[in-house]
Each structure stands twice: as structure tokens, then as C-alpha cells.
Number of protein chains: 2
Amino acid sequence: MPNQDGTGPRWMHGKFKCCGYRMTKPREAILDVLENTQEHLSAEDIYLAVHKFYPNIGLTTVYRNLEMLVNIEMIVKFDFGEGKSKYELSDHYSGKGHHHHLVCKECYKVVDYSDFMKDEVNFLKSTEDGLSKKYKFNITDHLIQFFGVCEKCSNK
Amino acid sequence: MPNQDGTGPRWMHGKFKCCGYRMTKPREAILDVLENTQEHLSAEDIYLAVHKFYPNIGLTTVYRNLEMLVNIEMIVKFDFGEGKSKYELSDHYSGKGHHHHLVCKECYKVVDYSDFMKDEVNFLKSTEDGLSKKYKFNITDHLIQFFGVCEKCSNK
DNA sequence: CTCCTATTGGTAATGGTTGTCATTAACAAA
DNA sequence: TTTGTTAATGACAACCATTACCAATAGGAG
């Protein structure tokens, strides 16, 4: 885990400051963990990872900061049907770019995909517009997930 | 609530029988509740509704049967981010037909919509095909939800 | 350096959901 | 209709992710 010296990437400080939040060690550690994984981590996963370097950071603090980071849209919370939430850096910060998830219903493996976006963009644009007008919703978000059985689980 | 006399719709018996399940009062009562609502009910909602007519049916039984009904695809389980699951009769049994959900992030009001399906069908077809091949998934399901703020909540 | 107050960490509580187990009831077979 | 097998039930406790509480701590502006 990089940045244990307390100096995180610039954008962290910038974003926190301008939102009126303080830059603290737990926040930095949590973002470090999320920056350095390709996985989709649960609150406890993050807690355990952070715990290795800062054993005194508690699970409660992790939850609190995850909630805050979701609020300022620095990370995104997902539910894949596992009974616990998973977290990812949001598109803008992750380098992964815009993507969606393909989830195995058996082992909960999650594949990020960003293929076939042309069709999606068309679909989203017209659907969002239509729904907004018809139902007078101010639409801010969408969730698109595909579920199925992965190759490994199919062969069991 | 109709069908308190113990004779439910034919299809219930048929479906249960052919799956090797027994037709019981709790199952019938749960399906009755789901057939006679337009809402999206939680396990407890269903328990309370059932409880009015059969006070001795327990919450555990409701959960167990909901799980079973999801397994045989007679109902569908949804998560709208409220911290509890909601249940609906599946398309084939509900009379609502295929639809998706538009969810208010503030009050959790859920709108069923089945408009703008032409674009969706195109999008789904090509995306599912593409994903199946590329990632070797046997895709069985998808989840499409739009989130936003409803008119009422916007005016607060 | 000081002060204000956001943030923290530990623990207890919450709330949805699931496990356990003795009892009951569906329904196939006689 | 009666019987026997076994799925299903109901009450309760356990589980587990998440949240509330509160005294102690530490950012960071001035």
C-alpha cells in the first residue's frame, strides 16, 4: 500500500477541502485500498485491508467514511445480491472508466465490462428522457446489471 | 382477500405439484397477497397482511416460502436500496407484463414502467449476446433500474 | 500555539434474515 | 377412508451487516 507517509494524491485533498471535510488517516487509507484493487470490496474487506497498516482504525469508522465518500460521489456502492454492499471508486477517479457489471449468481464473481456501450448509450438516453417527462422524475442514476452463471460454475 | 376457503387458482396447484412441492395455506396466503396488490412488498409487509387472516402463520414461514417461490421463479426479489428486499409476482403471473422500476432515492417510491421497451429490447439483445460470448457467461437475467427524485420530493 | 469542532474508536443496539428442532399436516398409497 | 412418510410449520434463538451513542482525539483555520 503506497502513501503510508500521509501524503495522498493531490485530488484527495482538493476534493475534501472544497467539500468542507477534513483529510484524515482513515479516509486516506480507505481510498488507498480502493485505488489499489481491481476487486469489488465489502466494508469488512476494506476494514481488514486498512487494519493491516493501521490496526487502530475501527470498522465503524470505515462504514462512516464509506457513507461519506458515497455522498460526495467519490465512490459508488453496489449490491450484487450477496447480502452485503460492495464499493468501487467512481468512474471519474478509478481509471476504469464507465462500466457495468456481469454477476455470477452462484459464486458472485463480478466481471466489469465496458463493451457494447453504443447500444447502451442510445437506450439510456431515450429511456431517461422519456421517463423523466412521463413520470416527472429528476433522474440522476441508473443501474444496469446482467446475471448468469460463469464458465467455472457451469462445469460443476 | 379472496380464496380463503382454501381453493386457490388452478395454476398454483399445477405449478407446485409439478415441482414436487405441497400446496399449503401459508403459500396460498402469500400468493394471494401478492396477487392482490400493486405495491412492492417486503417480507414483513406480507407477513402482516397474511397475519390478519391467519394469525398463526409466522414470519419465518413467510421468509422460507418467499425464498422457495423465488427459486421456482413464481416471484421476483428486488433490492431498491432500502435495506430490505421487496417481492413481486413474476411477469408471467402478475398481469403487469414485463416492466422495470423507477425509484425515488428519497422516499423510495417505486414506479413500474413498461414504456420505451423498443430501445430496451434492442439494447438487451445485442448486449446479452455480446457479453455471453465474450465472457462465457450463461446469462439468465438482467436488472435495469433508474434512480432519481420524484416530483413530491423535489418540492420539499 | 490555541481553540473549535469534525472525526474517531469502542461498544452496544438495531433490524432483516436464517438456523434449529420438536410438532403438524399434505398427500400418495393401501 | 385410513395410514405412513416426510415436507412444512411455528416459536425462538442466533446471525450478521450496519448504525447509534458518547467520551476522547486530532485536523486545520486563525
Side-chain angles (χ1 to χ4, degrees), chain A residues 5-8 12-31 40-48 50-72 74-75 77-87 108, chain B residues 5-8 12-31 40-48 50-72 74-75 77-87 108:
Chain A
D5 57 4
T7 61
M12 283 188 192
H13 298 284
K15 179 85 179 181
F16 283 124
K17 286 275 184 64
C18 84
C19 291
Y21 292 108
R22 293 175 183 172
M23 188 62 214
T24 66
K25 200 146 274 180
R27 273 165 205 174
E28 197 153 11
I30 289 167
L31 286 167
H40 305 81
L41 304 179
S42 68
E44 189 170 12
D45 293 335
I46 295 167
Y47 164 72
L48 290 173
V50 160
H51 192 77
K52 280 186 195 157
F53 292 89
Y54 302 101
N56 50 334
I57 291 177
L59 181 57
T60 306
T61 298
V62 171
Y63 270 105
R64 254 189 315 238
N65 282 314
L66 287 173
E67 189 193 0
M68 182 272 263
L69 290 166
V70 168
N71 284 339
I72 66 174
M74 206 169 251
I75 66 175
K77 184 179 184 177
F78 286 100
D79 184 321
F80 297 128
E82 255 183 295
K84 57 189 162 186
S85 299
K86 301 271 177 123
Y87 299 85
Y108 290 108
Chain B
D5 57 3
T7 62
M12 284 189 193
H13 297 284
K15 179 86 178 182
F16 283 123
K17 285 278 184 63
C18 84
C19 291
Y21 292 108
R22 294 175 182 173
M23 189 62 214
T24 66
K25 201 145 273 182
R27 272 164 206 176
E28 197 153 11
I30 289 167
L31 286 168
H40 306 80
L41 303 180
S42 68
E44 190 172 12
D45 293 335
I46 294 167
Y47 164 72
L48 289 174
V50 161
H51 192 76
K52 280 186 196 157
F53 292 90
Y54 302 102
N56 50 335
I57 291 177
L59 181 56
T60 308
T61 298
V62 172
Y63 270 106
R64 255 189 315 239
N65 282 314
L66 288 173
E67 189 192 2
M68 182 273 262
L69 291 166
V70 168
N71 284 338
I72 66 175
M74 207 170 251
I75 66 174
K77 183 179 184 177
F78 287 100
D79 184 323
F80 298 127
E82 255 183 296
K84 58 189 161 187
S85 298
K86 301 270 177 126
Y87 300 86
Y108 290 109

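In what follows, chains carry the letters A, B, and so on, assigned in the order in which the sequence lines appear, proteins first and then strands, with residues in each chain numbered from 1.
Atom CZ of B/Arg27 and atom P of D/dA7 are 11 Å apart (whole Å). Rounded to an integer number of Å, the gap from CD of B/Glu82 to C1' of C/dT17 is 16 Å. Put simply, CG on B/Leu59 is 9 Å from P on C/dT17, counting in whole angstrom units. Following rounding to the nearest Å, B/Leu66 (CG) and D/dA8 (P) show an atom-to-atom distance of 15 Å. Summarising the geometry, the separation between CE on B/Met23 and P on C/dC27 is reported as 8 Å, rounded to the nearest angstrom. One interatomic measurement links the two molecules: NE2 of B/His51 to P of D/dT9, which rounds to 17 Å at whole-angstrom precision. The interatomic distance linking A/Tyr21 (OH) with C/dT8 (C1') rounds to 16 Å, in whole Å. In this entry the distance linking OH of B/Tyr47 with C1' of D/dG10 reads 10 Å, nearest Å.
Put simply, the side chain of B/Arg22 and the base of D/dA8 share no donor and acceptor less than 3.5 Å apart. Interface remark: the B/Arg64 side chain does not form any donor-acceptor pair with the C/dG19 base, using a distance-only criterion of under 3.5 Å.
At the heavy-atom level, B/Ser85 lies under 4.0 Å from the strands shown only through sugar-phosphate atoms. Looking at heavy-atom distances under 4.0 Å, A/Thr24 makes contact with sugar-phosphate atoms alone, never a base. Using a 4.0 Å heavy-atom cutoff across all strands shown, A/Gly20 reaches no nucleic acid atom at all.
Here A/Ser42 contributes atom OG and A/Leu66 contributes atom CG; the two are 9.5 Å apart, rounded to the nearest 0.5 Å. Atom OG1 in B/Thr24 sits 7.5 Å away from atom CD1 in B/Ile57 (nearest 0.5 Å). Distance check: B/Lys86 NZ to B/Leu41 CG gives 7.5 Å after rounding to the nearest 0.5 Å.
Residues A/Pro55 and B/Glu44 both approach DNA chain C. Their nearest nucleotides, taken by heavy-atom distance, put A/Pro55 toward the 5′ side.
Looking at B/Tyr47, its side chain never comes within 3.5 Å of a backbone N or O of B/Thr61 through a donor-acceptor pair.
Checking the phosphate oxygens (OP1, OP2) of C/dT24, no side-chain nitrogen or oxygen of B/Asn56 falls inside 4.0 Å. Taking 4.0 angstrom as the limit, B/Tyr63 places none of its side-chain polar atoms (N or O) nearer than this to OP1 or OP2 of C/dT18.
When the nucleotides D/dG10, C/dG19, C/dT8 are ranked by their closest atom to the side chain of B/Thr60, C/dG19 comes out on top. With C/dG9, D/dT9, D/dG28 as the choices, the nucleotide that has an atom nearest any side-chain atom of A/Ile57 turns out to be C/dG9.
Aromatic ring orientation, A/Phe80 versus A/Phe78: parallel (interplanar angle below 30°, classes split at 30° and 60°).
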